[in-house]
Structure formats: structure tokens, C-alpha cells
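The structure under discussion appears below in the form of C-alpha cells.
In listed order, ligands and their atoms are each counted from 1. Computed over heavy atoms, backbone and side chain alike; hydrogens, waters and symmetry mates excluded. Positions are given from 1 along the sequence.
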Amino acid sequence: MDLSQVIRNVADFPSKGILFRDVTPLLARPEALREACERMVAPFRDARIDRVLAIESRGFLFGAPMALMLGAGFVPLRKPGKLPCATLREAYTLEYGEAALEVHADAVAPGQRVLLVDDVLATGGTLAAAGSLAGRLGAEVAGAAVLIELEGLRGRARLPGLRVESVLRY
Ligand code: AMP
């Protein structure tokens, strides 16, 4: 299946100059969602992943089924103020604004192997923050899986030492 056919490109959203990659048509087709998740987990099948760390909010949509496929636990990396217990926080810059991520301080045991998951890799700030949180938790970061990589924004350059696997590249 050509997954690029179920990604909708929306110009000037959420702000002028941004070409937004809308995954809702993909999510609406069960065979497309399944194939997207299967292709995102494939490079990490043998990576002994203990926890999938997925980024709010679209990362959750792929990360939870991927955790089931890998037999791993699911850990949400959330926007500030959403998690009820003690958290670690990491601030970063987004393609279109400022943001921060939080994780429960007890979500990962030191030495556990984690996979970072998001829908889109743009400038890399979000995944860098996620990797930093994972590192602060003492996790071993096996890599990052994204559905879409916007190669022109050179996000990989901001993620030295991180294994990044993408399904679709633009
Ligand atoms: P970045 O930190 O620049 O790599 O941005 C990645 C995050 O922003 C991901 O969580 C994406 O969901 C979102 N994002 C950034 N750019 C886009 C885009 N062009 N289309 C859809 N989502 C985007």
C-alpha cells in the first residue's frame, strides 16, 4: 500500500508557510493504520524494547499499537501539566512555536530499553527533548520511529547518535 496516498497535505496550517502533514485519512483506514504501525516497528522487532515512549498527541496514536506489537509497555510523553505525579520536564522549540514535554519520573527503570515514537520528524527539537528525557530517566534509547520525515528541515542533524527510522520521507 502507498501510505503517502493517505497523508493529506494542508498548506498554511497551523500558521502561514507550514505544510501540515495530516494523518487523519490514514487513521481512518484500518489497513493503512496497521501497515503504518507494522512498518514503524519493523526495524526494532529484535531491539528488545521494554517501553515505547510516545509523544503527545499524534505519537500516541501510533505508539500504543506499536507497544502491543512489540510486547512493550507504553509511556506517554505529555504536554506540561497533564501528568498527575512527579515529573521530569524538558523545554524545546517546535517548527511552529515553543513547547515542553513531561514524563512521570518513575515511568522507566534505569537500563530499560526504550523506543521513541512520533508521527512527524520536522526540525528534530521534539525528538531531541524526548531523547533527553529518556536519558535523564536512565533509559537506554534504542532509537526513534517516525511515520514521516521532512528531510529538508534536517532534523537528523539535531539528533546525533540517535538511530532514526522513518517510513515516508519528503
Ligand atoms: P519538530 O520538533 O520540529 O521535529 O516537530 C515535530 C513535531 O511537530 C511532531 O510532534 C509533529 O507532530 C509536529 N509537526 C511539525 N511539523 C509538522 C508538519 N509539517 N506536519 C505535521 N506535524 C508537524
Contact between ligand 1 and [X] is defined here as a heavy atom of the residue under 4.0 Å from a ligand atom; is it met?
X: Asp119; value: yes
X: Asp22; value: no
X: Gly155; value: no

Using a plain distance cutoff, I'd like to know if [X] has any nitrogen or oxygen under 3.5 Å from a nitrogen or oxygen of ligand 1.
X: Leu19; result: yes
X: Ile18; result: no
X: Tyr92; result: no

Taking only heavy atoms of Leu150, which atoms of ligand 1 are found under 4.0 Å from at least one of them? 19 (N)
Could you tell me which atoms of ligand 1, counted from 1 in the order shown, lie closer than 4.0 angstrom to a heavy atom of Asp118?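 Within the 4.0 Å cut-off of Asp118, ligand 1 contributes 9 (C), 10 (O).
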Residue pair Thr126, Asp118: steps toward the side chain to side chain contact (heavy atoms under 4.5 Å, CB included) verdict: CA-CA 9 Å; Thr126 307; Asp118 205 357; 3.9 Å; yes
Do the side chains of Met1 and Leu33 join up, straight or via other hydrophobic residues, at under 4.5 Å, putting them in one cluster? yes
Over 12 foreign heavy atoms within 6.0 Å of CZ, Arg45: yes
Donor-acceptor contact below 3.5 Å, side chain Arg136 vs main chain Arg89: yes
For Phe20 against Pro14, the heavy-atom pair lying closest together: CD1-CD, 4.2 Å
Within 45° cone and under 6.0 Å: Arg51 NZ/CZ vs Phe74 ring: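 That pair does not qualify as a cation-pi contact.
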Which bit of Thr126 is near ligand 1, meaning a heavy atom under 4.0 Å away: side chain, backbone, both or neither? both
Candidate pair Glu98 and Thr93, rule side chain to side chain donor-acceptor pair (under 3.5 Å), full reasoning: CA-CA 5 Å; Glu98 294 284 319; Thr93 51; 5.3 Å; no
